[in-house]
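Heads up: the structure comes next, in structure tokens.
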There are 2 protein chains.
Amino acid sequence: MAYADVLTALADPTRRAVFEVVCRHPASVTDIAAGLPVSRPAVSQHLKVLEAANLVHAIPQGRTRLYAVQPDGLNALREWMDGVWDVALKAYAAEIARRTKKD
Amino acid sequence: MAYADVLTALADPTRRAVFEVVCRHPASVTDIAAGLPVSRPAVSQHLKVLEAANLVHAIPQGRTRLYAVQPDGLNALREWMDGVWDVALKAYAAEIARRTKKD
DNA sequence: CGTCTGCGTAAGCCATGGCTTACATGTTAG
DNA sequence: CTAACATGTAAGCCATGGCTTACGCAGACG
């Protein structure tokens, strides 16, 4: 159920903003918080959620921690979307078949 | 910002369950609620959110309303994901270039 | 070895939102 | 025309979670 965590993580606007900053380039917690209207601990908490969803990962560098994008999260979401899409297509085809049979 | 509504809509587990039922085949509100552990009004409210996110659409049939999948919502989400992916790739390439330059 | 910086964590506050019950609307059947 | 069913909506309750302030901890630097 990794895609569920990804959806939950990306649903929050602030957390999405954090994620998009990290997407542009690896950044430290302080740097990310500097460009957002929330406090540094808030960003830290959001990064924790994003990390749990495999959307980002931390790279300890001395006393700072650089956060960078990790593909796994978005991949899980994409795979779930593909599955849903497949089910919807099959259902659509079945619906068409049912109607033509009825005619 | 359509993708934001899609993410918010799909983040809730119950609402995702409603959506997946509708993906399998068009269904009425009562039918959907019968297969879920929530009341019928709850399902109705969830369908309202899903409809606002262009994930489903209603087909009035007499006194019932059949809900079916609509591709727009998932497409908006996919396009946003593609954009994010593109940004992440560019950032990764830039990072590589920066490091090789430094060496 | 003390100090300062960068982060994570805990506790608490408060808004958002999901759920239920009760009610209103509209459509079909008799 | 009345009865009954399918649905949307309103009001209210309560849990989840996002934010802040305060604190604890590890790594660099004189």
Side-chain angles (χ1 to χ4, degrees), chain A residues 1-22 25-70 73 77, chain B residues 1-22 25-70 73 77:
Chain A
M1 299 294 206
Y3 68 93
D5 295 331
V6 176
L7 284 169
T8 304
L10 293 178
D12 182 68
T14 305
R15 195 155 44 218
R16 207 163 46 230
V18 171
F19 176 64
E20 288 174 352
V21 168
V22 174
H25 56 81
S28 69
V29 180
T30 307
D31 289 345
I32 299 173
L36 294 177
V38 294
S39 69
R40 181 193 53 76
V43 172
S44 192
Q45 290 165 1
H46 284 310
L47 285 168
K48 188 178 181 181
V49 177
L50 291 171
E51 193 170 20
N54 288 322
L55 283 165
V56 304
H57 71 284
I59 309 172
Q61 283 202 351
R63 58 181 163 184
T64 80
R65 287 165 64 90
L66 278 187
Y67 282 89
V69 189
Q70 207 189 19
L77 180 56
Chain B
M1 301 297 203
Y3 68 90
D5 295 331
V6 175
L7 284 169
T8 305
L10 293 178
D12 182 68
T14 306
R15 195 154 46 219
R16 208 163 46 229
V18 171
F19 176 65
E20 288 175 350
V21 168
V22 173
H25 55 81
S28 69
V29 180
T30 307
D31 289 345
I32 300 172
L36 295 176
V38 294
S39 70
R40 183 194 53 74
V43 173
S44 191
Q45 292 164 0
H46 283 311
L47 285 168
K48 189 178 181 180
V49 177
L50 291 172
E51 194 171 19
N54 289 322
L55 283 165
V56 305
H57 70 285
I59 310 171
Q61 283 202 350
R63 59 181 164 182
T64 82
R65 288 166 63 90
L66 277 187
Y67 282 89
V69 189
Q70 207 189 18
L77 179 56

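Chain naming here is simple, since letters A, B, ... match the order of the sequence lines and numbering starts at 1 in each. The shown structure was predicted, so the numbers you read here are calculated from the model rather than taken from an experiment.
Remark: P of C:dG12 and CD of A:Q45 are 15 Å apart, rounded to the nearest angstrom. The distance between atom CZ of B:R63 and atom P of C:dT27, rounded to the nearest whole Å, is 12 Å. Distance CG (A:L36) to C1' (D:dC19): 13 Å, rounded to an integer number of Å. One interatomic measurement links the two molecules: CG of A:L50 to P of C:dG8, which rounds to 12 Å at whole-angstrom precision. Per the geometry, CD belonging to A:Q61 stands 15 Å off C1' belonging to C:dC7, to the nearest Å. The CG-C1' distance, from A:L47 to C:dG8, rounds to 11 Å in whole Å. When the C1' atom of C:dT9 is taken as reference, atom NZ of A:K48 falls 7 Å away, rounded to whole Å.
At least one side-chain nitrogen or oxygen of A:S44 sits closer than 4.0 Å to the OP1 or OP2 atom of C:dG8. For B:H46, a side-chain nitrogen or oxygen approaches OP1 or OP2 of C:dC19 to under 4.0 Å. Distances shorter than 4.0 Å separate none of the side-chain N or O atoms of A:R40 from OP1 or OP2 on C:dG6. Applying the 4.0 Å criterion to OP1 and OP2 of D:dG8, one finds that B:R65 has a side-chain N or O inside that range. Put simply, A:S28 has a side-chain N or O that comes within less than 4.0 Å of OP1 or OP2 on C:dC7. Between B:Y67 and the phosphate of D:dG8, there is a side-chain N or O to OP1/OP2 separation shorter than 4.0 Å. At the phosphate of D:dC19, neither OP1 nor OP2 sits under 4.0 Å from any side-chain N or O atom of A:S39.
Here B:R16 contributes atom CZ and A:T8 contributes atom OG1; the two are 6.0 Å apart, rounded to the nearest 0.5 Å. Atom CG of residue B:D31 and atom CG of residue B:L66 lie 8.5 Å apart, to the nearest 0.5 angstrom.
Applying the side chain to side chain contact (heavy atoms under 4.5 Å, CB included) test between A:L50 and each of A:V22, A:D5, A:L55, A:V69 identifies A:L55 as the sole match.
When atom types are taken as modelled, the side chain of B:R15 and the backbone of B:L10 share no donor-acceptor pair closer than 3.5 angstrom. With hydrogens and angles disregarded, no donor-acceptor distance shorter than 3.5 Å links the side chain of A:S44 to the backbone of A:R40.
No side-chain heavy atom of B:R65 sits less than 4.5 Å from a side-chain heavy atom of B:L47.
Summarising the geometry of A:V6 relative to A:A53, their closest heavy-atom pair is CG2-O, 3.6 Å, with the distance given to 0.1 Å.
Listed in residue order, the members of residues 3-20 of chain B having a heavy atom less than 4.0 Å from DNA chain C are B:D12, B:T14, B:R15.
Closest contact between the side chain of A:A42 and the listed nucleotides C:dT21, C:dG8, D:dC19 involves D:dC19.
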